[in-house]
**Student:** 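After the structure tokens below, expect a handful of questions from me.
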Amino acid sequence: MPELPEVETIAQGLAKRVTGDVVESVWLGQKKEPLKSPAEEIAATLERSRIAAVRRMGKHIVFDLEKNGVAQTRLSGKNRKGHKSSGKAATPAASERSWAAGSAPLKAQWIVHLGMTGRLQICAPDWEIEKHTHAIVKLASGRELRFVDPRRFGRLSVATGADFDAGGVEPLEIDTDQFIERFRGRKTPIKSALLNQALLRGVGNIYADESLFRAGIRPRRRAATIAREKLNKLLVAIKEVLREAIALGGSSISDYVGADGEEGFFQLQHRVYGREGEPCLVCQTSIKRVVIAGRSSHYCPKCQK
DNA sequence: ACTATTTCCTGGATGC
DNA sequence: TGCATCCAGGAAATAG
């Protein structure tokens, strides 16, 4: 279940391997759940685009795309209402020019959310197509980038007009004042607030539990009842947990593996997540599990108040 | 404007 | 062995 550290690891791995490559063609499966944008729009946006960068925003992987202005103009005019062709010379010679040449490239983004079980694999075209493969992106380098997701909680979309807005604020970039402002006054349990991507983006169930343990706060505590000092401690804990996890390549439980298929190791550092009934590593008290907002929440009843 | 609950999905684990 | 049931959980949709 990829959260911020896993997605960061995957995005970095992908960036290393596909930056600069060009999309030749795109195949999209028939299942509609994984597609947040219309299939034709995703395909049209990706095809003939150069992958300028791959980065993470919250739990999303964002591919920054650049396309020759001429080709993009033609596609936009055909596929999007109210978007007129700009009248630039659309000669075949121009559309085949190298990416560096000619007018400024038109930008777009391909956004991938892995959900629970989504994976992006880079492979040779003759690799067996796995069950639950929903997208195959053919690259000019001869490789393929495939999206595989058995549970179909993952999502693919494109942003063409404006930049993709992931909502919320990056937990590794937010400062104490911003954090307190966003979380204080909320009546909801702090655990729910941490999972709310519109507040803070990228923290999921594992890292919420681990951060709350380090900060000594019970997951059911209402955000509004937590003192500023304690909220500050929580933010420090969140940043610490996320940074440590990124350094270890994320947590490999269930389906997660990095871009090259390697596993992460942060699961070995989990102090409460998945440890129901086991002794607290600090005080030996049995770790409890309760359900909050439909999510398993693990905590030490003695260390967390 | 918030908050809480339900729904979507499949595979692996568990129970009888 | 086989079959049914439960559970994992992010985010969108729905209800209050």
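Here is how names work: the chains are called A, B, and so on, in the same order as the sequence lines, proteins then strands, and each is numbered from 1.
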**Student:** Please check: side-chain N/O of A:Thr188 versus main-chain N/O of A:Ala193, any donor-acceptor pairing under 3.5 Å?
**Tutor:**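 Not confirmed, A:Thr188 side chain does not pair with A:Ala193 backbone.
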**Student:** Could you give the NE2-to-P distance, from A:His60 to C:dG10, as a whole number of Å?
**Tutor:**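 Taking NE2 of A:His60 and P of C:dG10, I get 12 Å after rounding.
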**Student:** Once each nucleotide of nucleotides 6-12 of chain B is scored for protein heavy atoms under 4.0 Å, what B/S/- sequence comes out, 5' to 3'?
**Tutor:** --BBBS-
**Student:** Taking the side chain of A:Tyr273 as heavy atoms from C-beta outward, which of C:dA8, C:dA12, C:dA11 is closest to it?
**Tutor:**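 Looking only at side-chain atoms, A:Tyr273 lies closest to C:dA8.
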**Student:** Calculate the interatomic distance between A:Asn205 atom CG and C:dC7 atom P; express it in whole Å.
**Tutor:**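 Whole-Å distance recorded here is 15 Å.
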**Student:** Would you indicate whether the side-chain heavy atoms of A:Trp110 and A:Asp64 approach each other to under 4.5 Å?
**Tutor:**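 With C-beta onward as the side chain, the pair stays apart.
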**Student:** Taking CD from A:Glu3 and P from C:dG9, how many angstroms apart are they, rounded to a whole number?
**Tutor:**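 After rounding, the gap between these two atoms is 9 Å.
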**Student:** Under 4.0 Å between a side-chain N or O of A:Ser296 and OP1 or OP2 of C:dC7?
**Tutor:**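 Answer is no, no contact under 4.0 Å.
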**Student:** Can you tell me how far C1' of C:dG10 sits from CG of A:Asn196, to the nearest Å?
**Tutor:**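 Going from CG in A:Asn196 over to C1' in C:dG10 covers 12 Å.
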**Student:** Are A:Lys191 and A:Asp209 ion-paired here, with the side-chain N under 4.0 Å from a carboxylate O?
**Tutor:**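 Between A:Asp209 and A:Lys191 there is a salt bridge, with a charged N closer than 4.0 Å to a carboxylate O.
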**Student:** Between the protein and nucleotides 14-16 of chain C, list the N/O to N/O atom pairs that are separated by less than 3.5 angstrom.
**Tutor:**
none

**Student:** Any non-hydrogen side-chain atom of A:Arg143 less than 4.5 Å from a side-chain atom of A:Val18?
**Tutor:**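 The answer is yes; the side chains approach within 4.5 Å.
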**Student:** Just checking, is any N or O donor in the side chain of A:Glu276 or A:Tyr299 under 3.5 Å from an acceptor N or O on the other one?
**Tutor:**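 The answer is no; no qualifying pair exists.
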**Student:** Under the criterion side-chain hydrogen bond (donor to acceptor under 3.5 Å, both in side chains), I'd like the reasoning laid out for A:Arg146 against A:Thr133: C-alpha separation, chi angles, the key distance, then a yes or no.
**Tutor:** CA-CA 7 Å; A:Arg146 298 179 184 172; A:Thr133 297; 5.8 Å; no
**Student:** Would you mind reading off the distance between A:Ile292 atom CD1 and C:dA8 atom P, rounded to a whole angstrom?
**Tutor:**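 After rounding, the gap between these two atoms is 13 Å.
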**Student:** Considering only residues two or more places apart or on different chains, which pairs with a residue in residues 171-184 of chain A satisfy side chain to side chain donor-acceptor pair (under 3.5 Å)?
**Tutor:**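 Found A:Thr176-A:Asn232.
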**Student:** Taking A:Ile206 as the starting point, is it possible to reach A:Met116 by hopping between hydrophobic residues whose side chains are less than 4.5 Å apart?
**Tutor:**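 Yes: a chain of side-chain contacts under 4.5 Å links A:Met116 to A:Ile206.
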**Student:** Rounded to whole Å, please give me the gap between CD in A:Glu276 and P in C:dA8.
**Tutor:**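 Spelled out: CD on A:Glu276 to P on C:dA8 is 9 Å.
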**Student:** Any side-chain N or O of A:His113 below 4.0 angstrom from OP1/OP2 of C:dG10?
**Tutor:**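 False: A:His113 side-chain N/O out of range (4.0 Å or more) of C:dG10 OP1/OP2.
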**Student:** Looking at the side chain of A:Gln197, which of B:dA4, C:dG9, C:dA11 is the nearest nucleotide?
**Tutor:**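 The listed nucleotide nearest to A:Gln197's side chain is C:dA11.
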**Student:** Side chains of A:Leu145 and A:Leu14, heavy atoms from C-beta outward: is any pair under 4.5 Å?
**Tutor:**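 Yes, their side chains come closer than 4.5 Å.
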**Student:** Examine B:dA1: is either OP1 or OP2 under 4.0 Å from a nitrogen or oxygen in the side chain of A:Lys187? Give yes or no.
**Tutor:**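 False: A:Lys187 side-chain N/O out of range (4.0 Å or more) of B:dA1 OP1/OP2.
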